[in-house]
Amino acid sequence: MPANPHSIEGLNVIITGAGRGIGKRLAIGFAERGARVGLVARTAAELDLTDLEIKHNGGISHKLAADVRDFERLSGVVDLMRHRHGPLHVLVCAAAIQGPIGPFHKTTIKAWTDTIETNLMGVVNCCRAVVPKMIENRRGKLIVLTGGGAASPRPNFTAYACSKAAVVRFAESLAEEVGEHNIQVNSMSPGGSYTNMTDEILAAGEAAGWKEIEAAEKVQQTGGVKPERQIELACFLAAEASNHISGKFLHVDDDWKRLENATLSPDLFTLRRLKKG
């Protein structure tokens, strides 16, 4: 256990969606700060690249090829990580797909089902795979990434928005269940960043809506939220300094640093009431 409550050095961490996008950024960031990182993704080539980048910089990582929709496979890679390094301390759920883009009445049920299976059930599967041992060890951190539509409506992205709102409520509910076992569960909104999803929005054109296109173009030009800010919030939620924070929905733009020494009311930073006026 690190002497510095802000440190994540020596922690065993599994990150899903680690092959690209924000999941990859967080995996590299955690490894740079001394965590041992299990990389979960479906695509072998992407896993290889993330693993190579981490090890090239002196970090410790292990490739754990798995689809978050496959509970049995997930359970197997979690066991593998535990056998290699001991108890799992942190799970970061970053795997997600954007799903269908366009008016709801033109989307297919198959596309909707695929989105819910990956974005919601993927999180459920991952948490179910790790929580029993965390309860046994009386220690654990679960960090679930949300996205656009979790806190407000997102027309033309109904499947994605629905799945992300659902994972926030799931995290809030699970947090209340496992709090007595010294396990903290929080949702993190990483803000707009340039990823493959940005390109998907731009490629969709009018189907995405002008607001989405305008926002995606801005992210494409600027790169969006800097990775360092996303990594800083995720590492805070993974460290002991945030042990008193659970069941919360934090955005990278929130003044979250003041929460370290704050007593939070039940409704503050939640899906029910994000901020008090």
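Everything quoted here is computed from the prediction, not taken from an experiment.
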Test L142 against every option in V185, V90, V92 by the side chain to side chain contact (heavy atoms under 4.5 Å, CB included) rule and name the one that passes. V185

For the atom pair CG (D114) and CD1 (I109), what is the distance rounded to the nearest 0.5 Å? 11.0 Å

Any chance you could lay out the salt bridge (charged side-chain N to carboxylate O under 4.0 Å, His left out) test for E172 and R169, step after step, and finish with the verdict? CA-CA 5 Å; E172 291 177 353; R169 180 48 53 89; 3.0 Å; yes

Given the rule that I, L, V, M, F, W and Y join up when any side-chain heavy atoms are under 4.5 Å apart, are L39 and L52 in one cluster? no

For the CZ atom of F30 and the CD1 atom of I15, what is their distance to the nearest 0.5 Å? 5.5 Å

Going hydrophobic residue to hydrophobic residue with side-chain gaps under 4.5 angstrom, can you get from M121 over to L174? yes

Is there side-chain contact between M188 and F236, with at least one heavy-atom pair below 4.5 Å? no

Are I97 and L120 connected into the same hydrophobic cluster when the rule is that any two of I, L, V, M, F, W, Y join if their side-chain heavy atoms are below 4.5 Å apart? no

What is the distance from atom CG of L91 to atom OG1 of T16, rounded to the nearest 0.5 Å? 6.5 Å

Do any N or O atoms from the side chain of E46 and from the backbone of R20 form a donor-acceptor pair under 3.5 angstrom? no

Scan side-chain atoms only and decide if Q184 and S242 contain a donor-acceptor pair under the 3.5 Å cut-off. no

Side chain proximity check, I28 to E53, heavy atoms < 4.5 angstrom: yes

Close side-chain approach of T195 to R25, heavy-atom, < 4.5 Å: yes

Does the T198 side chain pair with the main chain of S193, one donor and one acceptor, at a distance under 3.5 Å? yes

NE2 (H105) and OG1 (T158) are apart, to the nearest 0.5 Å, by 11.0 Å

Between NE2 of H181 and CE of M134, what distance do you get to the nearest 0.5 Å? 13.0 Å

Do W112 and Y160 sit in one hydrophobic cluster, given that two such residues count as connected whenever their side-chain heavy atoms are within less than 4.5 Å of each other, even indirectly? no

How about T115 and P100: do any of their side-chain heavy atoms sit closer than 4.5 Å? yes

Would you call R154 and E212 a side-chain contact if the rule is heavy atoms closer than 4.5 Å? yes

Does L145 offer a backbone N or O that forms a donor-acceptor pair with the side chain of K164 under 3.5 Å? yes

Worked verdict on R69 versus E117 for salt bridge (charged side-chain N to carboxylate O under 4.0 Å, His left out): CA-CA 6 Å; R69 296 172 297 180; E117 280 293 321; over 6 Å; no

Could you state the interatomic distance from CG (N186) to CG (L233), rounded to the nearest 0.5 Å? 9.0 Å

In plain terms, say whether E136 and K133 are close enough for a salt bridge, that is, a side-chain N and a carboxylate O under 4.0 Å apart. yes

For the backbone of R138 and the side chain of N182, can you confirm whether one donor and one acceptor N or O come within less than 3.5 Å of each other? yes

Spell out, yes or no, whether I201 and I22 are grouped together once hydrophobic residues are joined by side-chain heavy atoms under 4.5 Å, including indirect joins. no

Is the closest side-chain heavy-atom distance between I213 and W210 below 4.5 Å? no

Can you find a heavy atom in the side chain of R36 that is under 4.5 Å from one in the side chain of I60? yes

Would you say I231 and E228 make side-chain contact, with heavy atoms under 4.5 Å? no

Aromatic ring pairing H62/H85, orientation class (parallel under 30°, perpendicular over 60°, tilted between): tilted

